[in-house]
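Working notes for the structure below.
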Amino acid sequence: MVRTVTPLLCLLLLSFAVLARAITHQNGDDSNSTNDCDNTTSFQATCALIETAISSASTVYYPPLPNTRPITRIGHRQLGAVCVQCRTWHTSRCWYHPTHHWPYPYAICRQGGGHTSNPGFSSTSGVQISMTRFNSVTVDNATSTVAIGAGLLWDDVYKALNGTGLNVVGGRVPGVGVAGLTLGGGYSWKTNQFGLVIDNIDSYEMVLPDGRIKIVRSEDEDLWFGLRGGYNNFGIVTKFVLKAHPQGNVWGGIAIISGQYFDQINAAVVKFQQEPALVLLMFYDGPERPEGIFDDFLALPDIQIDVRSGSFFEFFGVIPPTDLTGGTRAYFSSVPVLEYSPALVDAIVNETLFWGAKLAQLDKGTTVSFAVESYDAGLFTHSPASQPSAYPPDRSRPLLPMNIYFGWTNPALDAEVANALRESSRTVRNAAVADGQDVLNAAKYPNNALFGTPLVDIYGTNVPRLKEIRRRVDPRDVMGLAGGFKF
Ligand SMILES: Cc1cc2nc3c(=O)[nH]c(=O)nc-3n(C[C@H](O)[C@H](O)[C@H](O)COP(=O)(O)OP(=O)(O)OC[C@H]3O[C@@H](n4cnc5c(N)ncnc54)[C@H](O)[C@@H]3O)c2cc1C
Ligand SMILES: *[C@@H]1O[C@H](CO)[C@@H](O)[C@H](O)[C@H]1NC(C)=O
Ligand SMILES: *[C@@H]1O[C@H](CO)[C@@H](O)[C@H](O)[C@H]1NC(C)=O
Ligand SMILES: *[C@@H]1O[C@H](CO)[C@@H](O)[C@H](O)[C@H]1NC(C)=O
Ligand SMILES: *[C@@H]1O[C@H](CO)[C@@H](O)[C@H](O)[C@H]1NC(C)=O
Ligand SMILES: *[C@@H]1O[C@H](CO)[C@@H](O)[C@H](O)[C@H]1NC(C)=O
């Protein structure tokens, strides 16, 4: 019997990693997060004003927050504690309507979520707006869409869809929020077939900076363009309506292959008690292992493997969450490339070993990981030409996302690690350029771009239009008080 394998249904993610042998895992709640507050009283008036403006469906919380569900981890997930002065929880029936210019910095995040690694993007010493009460998943069979509350994780979405025979184009690993991933673009297991998450949106429900609730569809050209990759610049999204796709059983899972099989393994790495490894995440959108595609990897002497056939939700559950707890800190950096040539992969392996060893000299809790994401060349072709998006600024050629992750524990090293990450990103990009790839100015992926990345490096020639839309939608720059890449 001949089995036909459709490469578009496959996705392989490789991470070359050097993992600290022993990261101290403290329990996940950031119970110290209110200790860093400078001045609680200065926020009382603002919090009190919010209280007068919201309905009984919302709540304003003041520190110290009860450490019980549904109020659990309130800190910035990837950079330790934040100061939460008060929090508003809303349902789609109500909203705080800012009648005065909002006087304090604020942040929007899913309570306990916040997967961006950039400081201040979803954390603040001001008012935290938690989206947790926007938590429903509703399938509409008639329109083949799924309405998803902006306070959910992809875990919640896939769980709700398990058994329905339907799925959406969404996040790849457990723990990540629907809102941030979708507002930044969204690379999915199903991107080879259907494009980015933003290419699979039916509509957004949002609150504009002036307090009005708006449903945004493709006819609304400017907001539609801006919301697709433009992050939190145009308001707060409360609901994402995504197109539904039929979903059968899938094959996939994870394999971790010992770094002793890297060609360039060297003594320095061993000396610093680090464990180099190759982490493989494999996905096939069909019930059986596709012949040929993953065979070379599966033939390597693996140290750990968990691959299976079953529902999409089961596959998703096999992937370990990158659960940063206790004192672990982390930054990401985006380095888009055109192809993963042998020369480029060599450079990536060398960078992994080099920085794994170097950072381990400074901090025993170091983890470095270089994620090689091999998408199909057609990944940007799933949005009609009439529907450009904030990201990617140029859909005429494919860019393969690659991201570098550095984790550490000592706060005194924050600036040094950020610089190391910048340096390593340049080295990898230059290796791609030396390899003949025209990526000197390739657009970085907003969701993985390191803080401080110039807007033009992410949004390219879209920057003037995005700024113009922002000025019109938010003339008082209310959203400018929330962190992020700002137009
Ligand atoms: C372990 C891990 C796995 C990842 N996997 C993927 C992946 O498979 N594919 C991919 O594309 N990316 C992935 N990423 C990157 C991810 O998309 C970004 O980190 C993203 O910002 C996370 O979204 P969040 O809602 O969890 O983040 P948050 O930190 O809560 O928010 C990120 C930004 O979005 C804004 N925001 C949040 N909610 C709203 C809202 N309702 N309205 C307006 N603005 C809002 C915040 O203000 C903030 O600026 C991953 C990251 C990590 C750490
Ligand atoms: C909380 O603070 C105490 C005292 O400052 C400290 O000993 C402890 O390690 C902190 N816990 C966390 C999770 O940061
Ligand atoms: C805190 O803020 C209030 C109001 O702005 C101010 O009066 C007070 O002096 C501040 N306290 C400290 C310790 O800074
Ligand atoms: C939608 O269709 C699925 C199967 O086709 C069915 O199980 C489900 O009950 C339907 N939902 C609604 C709201 O009609
Ligand atoms: C997911 O759905 C499958 C049926 O498609 C079912 O067998 C399985 O128990 C469900 N898993 C969970 C965790 O609900
Ligand atoms: C490995 O990377 C380091 C740091 O970027 C660099 O100095 C060194 O020349 C590289 N070695 C090779 C063989 O590429």
Side-chain angles (χ1 to χ4, degrees), residues 13 76-78 106-118 120-124 129-131 134 149-154 158-165 170-189 191 196-198 204-207 227 230-240 247-249 264 266 281 310-314 316-317 319-324 330 332 334 343 346-355 357-358 369 371 373 401 403 405 420 423-424 426-428 430-431 445-449 479 482-486:
L13 304 186
H76 186 292
R77 195 167 183 286
Q78 315 235 16
Y106 67 102
I108 313 149
C109 98
R110 178 196 173 269
Q111 168 263 326
H115 254 64
T116 174
S117 66
N118 286 330
F121 276 36
S122 57
S123 59
T124 180
I129 297 176
S130 169
M131 302 299 290
F134 295 92
L152 292 173
L153 301 183
W154 290 106
Y158 296 140
K159 184 172 185 198
L161 294 178
N162 186 46
T164 64
R172 290 173 307 204
V173 310
V176 182
V178 170
L181 183 138
T182 303
L183 287 166
Y187 286 88
S188 171
W189 292 113
T191 287
L196 303 175
V197 176
I198 51 171
Y204 299 85
E205 178 194 82
M206 69 181 297
V207 180
L227 286 174
Y231 248 126
N232 62 9
N233 281 276
F234 307 104
I236 299 179
V237 175
T238 46
K239 192 194 282 176
F240 298 88
Q247 182 67 64
N249 277 355
Q264 303 177 44
N266 61 41
L281 292 178
S311 74
F312 182 90
F313 184 55
E314 261 179 87
F316 187 74
I319 306 167
T322 314
D323 200 11
L324 298 176
F332 282 91
S334 164
D346 276 352
I348 291 170
V349 171
N350 178 56
E351 283 296 292
T352 310
L353 300 177
F354 177 85
W355 288 106
K358 180 149 181 171
S369 161
E373 310 188 358
N403 76 78
Y405 166 102
E423 189 180 329
S424 187
R426 274 194 301 272
T427 303
V428 173
N430 292 346
Y445 176 41
N447 269 329
N448 288 331
M479 297 308 297
F485 294 112
K486 295 285 123 176

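We count ligands from 1, going down the list as the structure has it; atoms in each ligand are counted the same way. Residues take their numbers from the sequence shown, with the count starting at 1.
- With contacts defined as side-chain heavy-atom distances shorter than 4.5 Å, the pair Trp154/Leu181 qualifies.
- Against a heavy-atom cut-off of under 4.0 Å, Phe121 is close to the following atoms of ligand 1: 46 (C), 47 (O), 48 (C), 49 (O).
- Annotation for ligand 5: atoms under 4.0 Å from non-hydrogen atoms of Phe313 are 13 (C).
- For atom 7 (O) of ligand 5, no protein heavy-atom neighbour is present inside the 4.0 Å cut-off.
- For ligand 1, the polar-atom distance check finds no N/O of Gly484 at less than 3.5 Å from any of the ligand's N/O atoms.
- Checking atom 4 (C) of ligand 5 against the protein gives no heavy-atom contact under 4.0 Å.
- Contact annotation: the side chain of Ile319 approaches that of Trp189 to within less than 4.5 Å [non-hydrogen atoms, C-beta and beyond].
- Contact annotation for Leu183 and ligand 1: only side-chain heavy atoms (C-beta onward) come within less than 4.0 Å of the ligand.
- Using a non-hydrogen distance threshold of 4.0 Å, Tyr405 does not register as a contact of ligand 1.
- Using cut-offs of 30° and 60° for the angle between ring planes, the Tyr405 and Phe332 rings count as perpendicular.
- Against a heavy-atom cut-off of under 4.0 Å, Phe354 is close to the following atoms of ligand 6: 3 (C), 4 (C).
- In this structure, the side chain of Asn233 engages the main chain of Phe485 through a donor-acceptor pair within 3.5 Å.
- Under a 4.0 Å heavy-atom criterion, Gly185 is not in contact with ligand 1.
- Under the 4.0 Å criterion applied to side-chain N and carboxylate O atoms, Lys358 and Glu423 are not assigned as salt-bridge partners.
- Between Asn232 and Ile236, every side-chain heavy-atom pair lies at or beyond the 4.5 Å cut-off.
- Ligand-side atoms of ligand 1 in range of Arg172: 6 (C), 7 (C), 8 (O), 9 (N), range being under 4.0 angstrom from any heavy atom.
- Geometrically, ligand 1 and Met131 share no nitrogen or oxygen pair separated by less than 3.5 Å.
- Between Glu205 and Thr238, some side-chain heavy-atom pair lies under the 4.5 Å cut-off.
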Could you walk me through whether Glu373 and Asn403 pass the side-chain hydrogen bond (donor to acceptor under 3.5 Å, both in side chains) test, one step at a time?
CA-CA 8 Å; Glu373 310 188 358; Asn403 76 78; 3.2 Å; yes

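- Every atom of ligand 1 is numbered from 1 in the order shown, and the set under 4.0 Å from a heavy atom of Ala150 is 41 (N).
- Atom NZ of Lys159 has 12 or fewer neighbouring heavy atoms from other residues, nucleotides or ligands inside a 6.0 Å radius.
- Close approach of ligand 1 to Leu181 (heavy-atom distance below 4.0 Å) involves ligand atoms 6 (C), 7 (C), 9 (N), 10 (C), 11 (O), 12 (N), 13 (C), 17 (O), 20 (C), 22 (C), 23 (O).
- When only interatomic distances are considered, the shortest N/O to N/O separation between Thr427 and ligand 6 does not fall below 3.5 Å.
- Of the polar atoms of Asn162, at least one N or O is found under 3.5 Å from an N or O of ligand 5, judged by distance alone.
- Using a 4.0 Å cut-off between heavy atoms, Phe134 makes no contact with ligand 1 at all.
- Of all atoms in ligand 6, listed by their number and element, those nearer than 4.0 Å to a heavy atom of Glu351 are 2 (O), 4 (C), 5 (O).
- Residue contact check: Asn232 has heavy atoms under 4.0 Å from atoms 43 (C), 44 (N), 46 (C), 47 (O), 49 (O) of ligand 1.
- Under 4.0 Å from ligand 1, the heavy atoms of Asn448 that appear belong solely to its side chain.
- For the pair Arg172/Leu281, no side-chain contact is recorded, criterion being any heavy-atom separation below 4.5 Å from C-beta on.
- Atoms of ligand 1 found under 4.0 Å from any heavy atom of Gly235, numbered from 1 in the order shown, are 43 (C).
- By the 3.5 Å distance cut-off applied to N or O atoms, Gly177 is counted among the residues near ligand 1.
- Using a distance-only test at 3.5 Å, with no hydrogens or angles considered, no donor-acceptor pair links the side chain of Tyr231 to the main chain of Lys486.
- The main-chain N or O of Val197 is never found under 3.5 Å from a side-chain atom of Ser188 such that the two would form a donor-acceptor pair.
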